[in-house]
Visitor: 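Can you keep this structure in mind? I'll have questions shortly.
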Amino acid sequence: MGELKLMKGNEAIAEAAIRAGVDAYFGYPITPQSEIMEYLASEQPEKRTGMVLLQAESEVAAINMVYGAASTGKKAMTSSSSPGISLKMEGISYLAGAELPCLIVNVVRGGPGLGTIQPSQADYFQAVKGGGHGDYRLIVLAPASVQEMADFVGLGFDLAFKYRNPVMILSDGVIGQMMEKVEFGEQQPRRTKFDEPWMLTGKTPDRPHRIVTSLDLEAVQMEKHNLDLQAKYKTIRENEVRFEEIACDDADYIMVAYGSSARICQKTVKLARESGHKLGLLRPITLYPFPSERISQLADKVKGFLSVEMSSGQMVEDVMLAVNGKVKVGHYGRYGGVIHSPEQVLCGFEEFLSK
Amino acid sequence: MELKDIIKPENLVYKRTECLTDKVLSYCPGCGHGTAHRLVMETIEELGIQSETIGVASVGCSVLSYDFMDVDMTGAAHGRATAVATGIKRCNPEKYVFTYQGDGDLAAIGTAETIHACNRGENITIIFINNGIYGMTGGQMAPTTLLGMKSSTTPYGRESALMGNPIKITELVAQLPGTYFVTRQSVHTPANVRKAKKAIMKAFDNQKLKKGLSFVEIVSNCNSGWKMTPVTANKWMEDNMFPFYPLGDIKVDGELVKK
């Protein structure tokens with residue numbers, strides 16, 4: 001058994017980053033995730049593992065520092081919250097285009113604009129549909145506990161390097177700020193071999209010079225690059241879908257919820273069953289790739305799906321695509337920084353039933 | 001004496017640096033980029049650091065500089081080269097890291113990244129080509145466009161009341177404690193090429209000393225953007241650019257040069 005600690009989700013990400021042997025963190029303060037950089041600073045990761053920590057002049061600069069570090073094969077990460085993630089979107093598009101691995105943490109707050117500092121899940125579209133310009137996808141992990149905040153750092157980097165693709169942890173202010181028990185594994189060593197053919201290590205006489213870029217002025221070449229990207233995303237969809245089912249075996253209806261909303265909905269499942277409703281919960285752990293196939297299978301045996309999100313209804317569109325008209329699909333959620341209660345979700349479910 | 005008697009290794013007085021690729025340059029005839037590329041790559045060859053160098057190309061005419069420079073390179077988003085270079089250098093302090101940027105990239109869209117990389121004293125080399133215009137997009141006003149100078153977005157000449165003033169970013173970064181060597185050069189005559197080469201050599205040498213950032217501005221022509229012949233462009237540059245952007249060292253070994 002590893003080391004047990006009581007920690008905030010944000011702090012757990014930071015501790016996990018050091019233990020996962022991450023090479024560099026570049027960030028810029030924004031509520032509700034500033035504890036990530038603060039925790040790292042207090043831990044002096046340069047002494048613990050040699051990890052680089054740098055507070056950048058902006059979110060824009062931070063993501064481009066990640067781009068630079070990643071182009072040399074280093075494990076680099078950044079974190080921010082919604083308005084800051086919008087600023088990073090340019091860099092994220094370049095990272096996806098240049099096929100560089102990295103980890104981006106979004107501790108989502110209410111929007112649009114400067115919005116609020118309270119929790120939200122309104123950045124779903126931005127995270128899973130691309131977000132920046134061009135046809136690209138991120139691998140998106142949605143932690144629902146402080147433990148998963150920690151675990152998904154290592155998982156995120158494994159996936160990022162496996163597919164040479166940016167990975168996003170899509171968290172929110174609830175998971176970031178709440179304290180829970182978290183178990184950490186042993187300290188992992190930092191990477192020492194940089195032997196993959198895309199990594200910039202300095203041109204030696206035995207090989208041509210290497211170029212990391214997202215640019216190709218030849219449209220046909222760029223189309224080929226896009227086709228390669230799409231083939232990669234297809235492989236990711238076929239191999240990396242992760243989800244959890246709670247009380248779905250005998251369910252008449254299933255809620256689909258991720259992150260903190262899924263935690264709330266676990267309680268709603270209990271309340272609903274006490275009131276005689278056979279309600280289940282499907283929790284996507286990967287938002288991209290989305291568990292569309294599983295939802296489609298379940299649509300053959302249940303009467304409907306309710307997407308419960310702290311947004312005006314974003315993931316519900318992916319649920320609808322998966323269900324493809326087989327049964328009815330609804331949405332319930334509070335948003336703009338308001339967190340729904342299990343009882344409110346139950347009311348929302350009963351209203352959905354009556355429609 | 002026949003030609004074959006002359007072309008012998010012992011008669012060789014100059015050759016193209018092996019740190020440039022064989023790819024034909026995409027720059028307009030008469031443009032200073034080609035010479036600046038050569039000087040940077042000669043420096044890397046002479047220092048013997050090709051295998052230890054990582055370059056960062058920017059957005060502008062030199063967006064494809066990584067095709068010509070035979071070192072490992074990445075292409076940064078517009079204006080972000082010094083942030084990208086920071087990420088590379090912080091994670092690979094033993095490598096020589098340089099950016100190659102134009103005036104629009106470095107002094108307009110990338111001003112924040114430039115100022116803060118300089119202020120942090122990142123131990124990198126910035127090569128800054130200032131031709132007072134956006135070349136690649138077709139001759140629009142740059143942050144460094146002189147007052148009165150015509151461009152496709154200032155067709156009647158740049159007016160300070162409407163479009164602000166040309167920015168002397170090089171003098172600006174020289175004020176920051178993080179810069180160790182700041183100089184302004186040109187590559188339009190053989191004598192200036194030699195001086196520019198010395199400055200670039202010093203800028204790369206400084207990375208060994210780990211004392212801060214070296215910033216080499218090269219005032220260059222853009223005969224296509226300025227709509228002049230190469231010769232006229234060089235003359236115009238001497239008469240108009242140099243009085244506003246005077247050549248010479250601005251900061252050496254961390255000390256401002258007294259004028």
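Within every chain, numbering begins at 1; the chains are lettered A, B, ... in the order of the sequence lines, protein sequences first and strands thereafter. FYI, side chains are in, hydrogens and waters are out, and symmetry mates aren't considered; it's all heavy atoms of this structure.
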Visitor: Against chain B, work out which of G91(A), A61(A), G68(A), P208(A) has the most heavy-atom pairs shorter than 4.5 Å and name it.
Guide: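 That would be G68(A).
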
Visitor: Can you tell which part of A76(A) gets under 4.5 Å to a heavy atom of chain B, answering side chain, backbone, both or neither?
Guide: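 For A76(A), no heavy atom lies under 4.5 Å from chain B.
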
Visitor: Let me know if L64(B) has heavy atoms under 4.5 Å from chain A in its side chain, its backbone, both or neither.
Guide: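 L64(B) touches chain A through side-chain heavy atoms alone.
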
Visitor: Please report all inter-chain donor-acceptor pairs (under 3.5 Å) between chain A and chain B, with distances to 0.1 Å.
Guide:
unit_1	atom_1	unit_2	atom_2	d
E57(A)	OE1	R120(B)	NH1	2.8
Y67(A)	OH	T74(B)	OG1	3.2
Y67(A)	OH	G75(B)	O	2.8
T72(A)	OG1	N92(B)	ND2	3.0
K74(A)	NZ	C91(B)	O	3.4
E90(A)	OE1	R80(B)	NE	3.1
T201(A)	N	D72(B)	OD2	3.1
T201(A)	O	K95(B)	NZ	3.3
G202(A)	N	D72(B)	OD2	2.9
K203(A)	O	S51(B)	N	3.4
R207(A)	NH1	D72(B)	OD1	2.9
R207(A)	NH1	D72(B)	OD2	3.4
R207(A)	NH2	D72(B)	OD2	2.7
H209(A)	ND1	M69(B)	O	3.0
H209(A)	ND1	V71(B)	O	3.1
R210(A)	N	D72(B)	OD1	2.8
R210(A)	O	M73(B)	N	2.9
V212(A)	N	M73(B)	O	2.9
V212(A)	O	T74(B)	OG1	2.8
V212(A)	O	G75(B)	N	2.9
T213(A)	OG1	Y66(B)	OH	3.0

Visitor: Checking heavy atoms, do the side chain of I63(A), its backbone, both or neither come under 4.5 Å from chain B?
Guide: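 Contact with chain B: none, neither part.
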
Visitor: Out of G202(A), A62(A), A70(A), which one racks up the most heavy-atom pairs below 4.5 Å with chain B?
Guide: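 The residue among G202(A), A62(A), A70(A) with the greatest pair count is G202(A).
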
Visitor: Measure distances from A85(B) to the heavy atoms of chain A and classify the residue's part below 4.5 Å as side chain, backbone, both or neither.
Guide: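 Contact with chain A is absent: no heavy atom of A85(B) under 4.5 Å.
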
Visitor: Name the member of V63(B), I54(B), V71(B) that forms the most heavy-atom pairs with chain A at distances under 4.5 Å.
Guide: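 The answer is V71(B).
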
Visitor: Suppose we screen for ring pair (Phe, Tyr, Trp, His ring centres under 6.0 Å). Which residues come up paired with F26(A), at least two apart in sequence or across chains?
Guide: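 F26(A): no ring pair (Phe, Tyr, Trp, His ring centres under 6.0 Å) contacts found.
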
Visitor: Between V52(A) and chain B, with a heavy-atom cut-off of 4.5 Å, which part of the residue counts as in contact: side chain, backbone, both or neither?
Guide: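 Contact with chain B involves the side chain of V52(A) alone.
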
